[in-house]
Amino acid sequence: MIGRHLDAARAAIKTSSFSQQRSMEGAAPFRREMDESRKAVQQSRELLKRLRQRLGDDMAQGWQDDPDLAPVAVSAFDADILRAAFRDLVRDMSIPECQWRCLAESLVREYVGCDQIEVGLLDWITHK
């Protein structure tokens with residue numbers, strides 16, 4: 001009877017060490033893939049930053065070249081899209097109400113690419 005228990009214990013130890021070895025082998029490729037993903041995300045952020053900078057330079061140059069150029073207008077369709085994106089972010093990320101206006105402002109600034117934002121648009125986006 002003791003022999004059976006010893007055999008069962010040895011089998012359990014052998015199985016657990018085998019599964020532990022397999023999990024360690026699986027961790028290395030996972031870590032490599034995570035590192036590659038992080039690098040790809042970082043590269044895309046840098047590319048986006050360069051594109052925004054180039055766009056900002058072009059917009060600033062456009063304002064300098066043509067002082068009568070009208071500010072960027074947000075259509076009702078665009079405003080509705082911004083409001084829907086805002087609501088999704090608030091719901092999914094559980095953002096407290098005290099941060100809503102700042103979030104809406106950053107969304108509009110990123111979308112329009114202009115520092116001047118209509119206060120009424122922010123009020124409409126953040127309205128419950």
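Just so you know, these numbers come straight off a predicted model, no measurement behind them. By convention here, the first residue in the shown sequence is residue 1.
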Please set out all donor-acceptor pairs under 3.5 angstrom arising from side-chain atoms of residues 80-90, sequence neighbours excluded.
residue, atom, partner, partner atom, Å
Arg83, NE, Trp124, O, 3.4
Arg83, NH2, His127, O, 3.4
Asp88, OD1, Arg91, NH2, 3.0

(message) Just to verify, what does Arg38 make a side chain to side chain donor-acceptor pair (under 3.5 Å) with, not counting sequence neighbours?
(response) Asp35

Once rounded to the nearest 0.5 Å, what's the spacing between atom [atom1] of [X] and atom [atom2] of [Y]?
X	Y	atom1	atom2	answer
Gln99	Ser106	CD	OG	10.5 Å
Thr126	Leu107	OG1	CG	11.5 Å
Arg31	Met34	CZ	CE	11.0 Å

(request) For Ala79 and Leu121, work out which heavy atoms get closest and say how close. (result) CB-CD1, 3.8 Å

(request) Any chance you could lay out the side-chain contact (heavy atoms from CB on, under 4.5 Å) test for Val112 and Glu118, step after step, and finish with the verdict? (result) CA-CA 11 Å; Val112 175; Glu118 186 69 33; over 6 Å; no

(request) Determine, for Arg109 against Glu105, whether the closest basic-nitrogen to carboxylate-oxygen distance falls under 4.0 angstrom. (result) yes

(request) Answer with yes or no whether the hydrophobic clustering places Leu103 together with Met93; edges join I, L, V, M, F, W, Y residues whose side-chain heavy atoms lie under 4.5 Å apart. (result) yes

(message) Are more than 12 heavy atoms, taken from residues, nucleotides or ligands other than Glu110, located less than 6.0 Å from that residue's CD atom?
(response) no

